[in-house]
Structure formats: C-alpha cells, structure tokens
Novice: 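Can you keep this structure in mind? I'll have questions shortly.
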Protein chains: 2
Amino acid sequence: MIRVFIVDDHPVVIEGIHSLLQHEKDIEWVGHAMNAQSCLGYFVHNTADIILMDINLPDMNGVDLCAVIKEKYPGVFVLGLSTSNQGLYIKKMMENGASGYILKNSSREDVLKAIHAVADGCIYFSGEVGEALKQYQKSAPVALPAISRREREVLGLIAEGYTNPEIAEKLFVSQFTVDSHRKNLIAKLNVKNTAMLIRFAVEHKLV
Amino acid sequence: MIRVFIVDDHPVVIEGIHSLLQHEKDIEWVGHAMNAQSCLGYFVHNTADIILMDINLPDMNGVDLCAVIKEKYPGVFVLGLSTSNQGLYIKKMMENGASGYILKNSSREDVLKAIHAVADGCIYFSGEVGEALKQYQKSAPVALPAISRREREVLGLIAEGYTNPEIAEKLFVSQFTVDSHRKNLIAKLNVKNTAMLIRFAVEHKLV
DNA sequence: GCAAAAATCCCTCTTTCCGGTGATTTTGCG
DNA sequence: CGCAAAATCACCGGAAAGAGGGATTTTTGC
C-alpha cells in the first residue's frame, strides 16, 4: 500500500489526481495541502510514502520545500509535479533529493508508473520531462568559443588558486604571458573578471 | 515492438539478458556486440530502439560510446548497464544523453520496467542506482562549514562578477563590510583566493 | 537576560588583477 | 611554402583583492 500526499495550490489539480488515483487498490490517498506550511504541518504528526509536489506554491517554492522535506524526513519520496516543463527547476529539485518528475498533463499510465517506480526507490521522469532535462544538460557544449590547449591549462591552474606569477613559474614562462592568457580567456568567454571566469568554467565543465 | 541491442564484453551478461528477454512478446532481440567498434559497425546499416550498454568496454568506455551514439543516432535510446554502482560514471553517462541506468544484477522486473520506460522516452534508474546517484549528488552538503545568510548572499554576487564596491552599493553597506564577508568566506572554506572560492562554491552548489 | 554569533565598519600596505596596446616567435594545416 | 592561429613577451596605470590589524552594533539562541 503506497500512501500518497499531494501539495498543490490548484484545487483542480488536486481533484484531478485524486479521482485518478482513488480506484487504485495499492494506493492510499492520505491527504493534501495547498501550501508549503500546511504540508509541513501535516508531516509533524503524520507521514506518507510519496509526496506529489508542485513547483509553484504560494508561500515557498517546491525546490526549497523538497529540500526541507528530505532533510527532516529522508524516507519520504518526493515526485515533482508541474505544468511548466523547465529543465532548470527540475534539475534543482533533483539535486534537492527528489525522486522524479512528471507533468500535470501526463497520462494516467504515466502517473501510476511514476508512483510505482518511485515507491520502489527508483527514479522516474516522464517522457517530455526527460526531453527538457536532456536539453538543459546539453546547453553547455553548444557555442563554446574555442579555447586553446594552453589557455585551458592556465584556466585549470587559476581555478586551483594559483596567481599569475605562480602559474608563470610552474609553466616556465613569463608572468606577462600568463596574464595574456587570462585576459584572452576573460575576453573569449565574455565574462567580467576571474570570479565569473571560474564560475563559467566550472559550470561548463572546462575544469 | 521494442528492438533491443546490447554491448557488453561479458558473454555471461549477454546470455543472461538474452534469456531474460527472449520470451517477451513486445521485445525483439536485434543483436549484440562485445566492443564499441562492432557496436558502431552494426549501426552503420542497422538500427535499434534501445542499446543496453556496459560502462566497461575493451576498446572504448561506455561514457564515450554513449556520446558517439547519441551524436550519430539521436533517436536510439541508451540504457546504462553495469556491475559497478558508481555515481560518477552514471552521472557522466547521463550527461552524454543516456536515458537511464540499471545494474546487471537487477531483477527481471527491473530490467523490463527500465526498457519499457526508456522506450516510452522516459528516464529510469533502478533503485540501487538511484541511491548511488543521490549519494553522489549529496556529496556536497556534508561537513560544510557554516556559512551565514549574508555571506552566502555576498558569495552569490561575487560569483556573478561584481566587485566589492559594487556589492556594497547593491546591499547598502560599506565596502569594508563586503570585504570582511569575502575574507571570512575565504577563511571558512579554506581556500586561497576568490578563484578557488568560486570554484568551491560552484562545485558544492552554494551558488 | 546574557553570551555567542553575525553583521557591520575602519585603516594600511602589498600584491594581484584588468584594460589597453603593442610586439615577436612558434606551430598547425592546407 | 605560406597563412593563420596560437603562444610568447612587454609596458603602463588604475582598480581591486588579499593580509594584517582592529572595533562596534545587532541578532539570535538558549
């Protein structure tokens, strides 16, 4: 018996999912909340196996709520639920411990599959969500300015905290050279300073 | 009818999966390869819906093979397959376009569930893999020195390329204050300078 | 209410960064 | 070979960061 709880500020969605699940023999509907606070309130004295969680809530966004839930009750699985198919939020929610993601307009089969997979400890994304996620993950490799081998080498050393003079010594070149590479990197990658350079590099897996 | 191809250098695994799938009515076994080259050779004149792909191959690792396949044949879904339950490789394989991951010692049900989910365009991880992936993703939050709210705020602005004076203006405080926060961050996180600070922050998802 | 933690502010000095503007030498490739 | 890109080196000057001292005032947690 899988106990399901839902958090969503749209009554229509709650009703929809409820009617979709109410005839399932292995699924028990334990309750719902329309905001993060009452959801957390419920879990003080009750529990569930799976929370279907909207990403847009009036008092707290789903990403943060997910983090709080997984922090307090690691055994409760969170299944993201949204109309908007946005890779960024999905990714963040997964990083905060969610077990999957489906769209509100998913088919009955999709919803049931997702619930069962998640209840088994698996991770599940419905098809369209998977597409969005892949697209988001692939945003990096496209249109990256060409960075030369030496520049990448310098970039790596900068990321490790070495200064221009230190890098110059390591590479047996003048510090002017290293400085040139650094400036070229900043120009090529269209960033303002070293901080942004490193952020860009790490996010795009250049280091 | 789901056409399944498998790449694995262990005959035992190929046989195992084969016998596991051969009585499934909606699954067609279209062939197998024991290394990356012959797998790529197969796809020159043939195709499949799903490739079950080992992560350890003699001539090329699964992560790279996955990238090549998805590059040449984006419509073919790759389902990772391994004995080793290593978060890092799983993550890399997913970044290269895989649609899921299962362990070789997964149950018959798990394998079939995964194949069907992936064939539907969904993303699927078997339970143990999900655990490993979460564990890997969660490697960050452990043993992180306590960073105050204000420090995190400053950290975010540094990562966006703002200088101390700029941040001071944004937050309506003195630049000395911002400088203090920056220094405290560098001290707390035990890094040498801003470059390392940002690298650490991005890698540990503080920004 | 009290102590600890956080947030705020201030100063000096040295080093590093960053922008701009050059140049020469080496290397990769058709 | 010859061209283009990469890699190298050089200087200036202002801005910012980093190391080292302090200090005070709010919050916040018991």
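So you know, we letter chains A, B, ... as the sequences are listed, proteins then strands, and number each from 1.
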Novice: Hey, are B/His10 and B/Asn56 close enough side-chain-wise for a donor-acceptor pair under 3.5 Å?
Specialist: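 No, B/His10 and B/Asn56 have no side-chain donor paired with an acceptor closer than 3.5 Å.
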Novice: Start at the 5' end of DNA chain C and walk down; is the nucleotide closest to A/Lys192 or to A/Pro165 reached first?
Specialist: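 Mapping each residue to its closest nucleotide by heavy atoms, the 5'-most match is A/Pro165.
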Novice: CG/A/Asp49 to CD1/A/Ile27 distance, rounded to the nearest 0.5 angstrom?
Specialist: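 Reported to 0.5 Å precision, the distance equals 10.5 Å.
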Novice: To the nearest angstrom, how far is A/Leu185 atom CG from D/dA6 atom C1'?
Specialist: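 The answer, rounded to whole Å, is 13 Å.
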Novice: Would you mind reading off the distance between A/Leu171 atom CG and D/dT8 atom P, rounded to a whole angstrom?
Specialist: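 Rounded to the whole Å, the gap is 8 Å.
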Novice: Flag the pair B/Glu203 and B/Arg199 as a salt bridge only when some basic side-chain nitrogen lies within less than 4.0 angstrom of an acidic carboxylate oxygen.
Specialist: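 Looking at B/Arg199 together with B/Glu203, the answer is yes, because their closest N to O distance falls below 4.0 Å.
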Novice: With a 4.0 Å cut-off on heavy atoms, is B/Thr177 in touch with a base, just the backbone sugar-phosphate, or nothing at all?
Specialist: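 Since a base atom lies under 4.0 Å of B/Thr177, the category is base.
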Novice: Classify B/Ser174 by what it touches in the nucleic acid, base, sugar-phosphate, or nothing, heavy-atom distance under 4.0 Å.
Specialist: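 If one applies the 4.0 Å heavy-atom cut-off, B/Ser174 turns out to touch the sugar-phosphate alone, with no base involved.
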Novice: Rounded to the Å, how far apart are B/Arg150 CZ and C/dC9 C1'?
Specialist: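 Answer to the nearest Å: 13 Å.
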Novice: Output the rounded distance in Å from CG (B/Asp179) to P (D/dG22).
Specialist: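 To the nearest whole Å, that distance equals 17 Å.
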Novice: Tell me yes or no: between the side chains of B/Thr47 and B/Arg3, is some donor less than 3.5 Å from an acceptor?
Specialist: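 No, no side-chain donor-acceptor pair sits under 3.5 Å.
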Novice: Starting at CG of B/Leu197 and ending at C1' of C/dT16, how long is that distance when rounded to a whole Å?
Specialist: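 From B/Leu197 CG to C/dT16 C1': 16 Å.
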Novice: When the distance from CZ of B/Arg149 to C1' of D/dG29 is rounded to whole Å, what number comes out?
Specialist: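 Distance check: B/Arg149 CZ to D/dG29 C1' gives 13 Å.
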Novice: Tell me what A/Asn193 touches on the nucleic acid: a base, only sugar-phosphate, or nothing, going by heavy atoms under 4.0 Å.
Specialist: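 Since only primed, P, OP1 and OP2 atoms lie under 4.0 Å of A/Asn193, the category is sugar-phosphate.
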Novice: Just compare C/dT16, C/dC18, D/dG18 and give me whichever is closest to any side-chain atom of A/Arg182.
Specialist: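 Closest of the options to the side chain of A/Arg182: C/dC18.
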Novice: A/Ile186 side chain: which of D/dC9, C/dC18, C/dT16 is closest?
Specialist: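 Of the options given, the side chain of A/Ile186 lies nearest C/dC18.
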Novice: Specify the separation, in whole Å, of atom CD of A/Glu151 and atom P of D/dA6.
Specialist: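 A/Glu151 atom CD is separated from D/dA6 atom P by 7 Å.
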Novice: Please report the distance, rounded to the nearest Å, between CD in A/Glu169 and P in D/dT8.
Specialist: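 Interatomic distance, CD of A/Glu169 to P of D/dT8: 16 Å.
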Novice: Which one of B/Val63, B/Asp8, B/Ile69, B/Ile6 satisfies the side-chain contact (heavy atoms from CB on, under 4.5 Å) criterion with B/Met53?
Specialist: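 Between B/Met53 and the candidates, side-chain contact (heavy atoms from CB on, under 4.5 Å) is satisfied uniquely by B/Ile69.
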Novice: With a cut-off of less than 4.0 Å, is there a side-chain N or O of B/Asn164 near OP1 or OP2 of D/dA17?
Specialist: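 Answer is yes, contact under 4.0 Å.
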Novice: Base, sugar-phosphate alone, or nothing: which one does A/Ser180 contact when heavy atoms must sit under 4.0 Å apart?
Specialist: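 A/Ser180: base contact, heavy atoms under 4.0 Å.
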Novice: Quick one: the side chain of A/Lys183 and the base of C/dG19, do they pair up donor-acceptor inside 3.5 Å?
Specialist: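 It does, because a donor-acceptor pair links the side chain of A/Lys183 to the base of C/dG19 below 3.5 Å.
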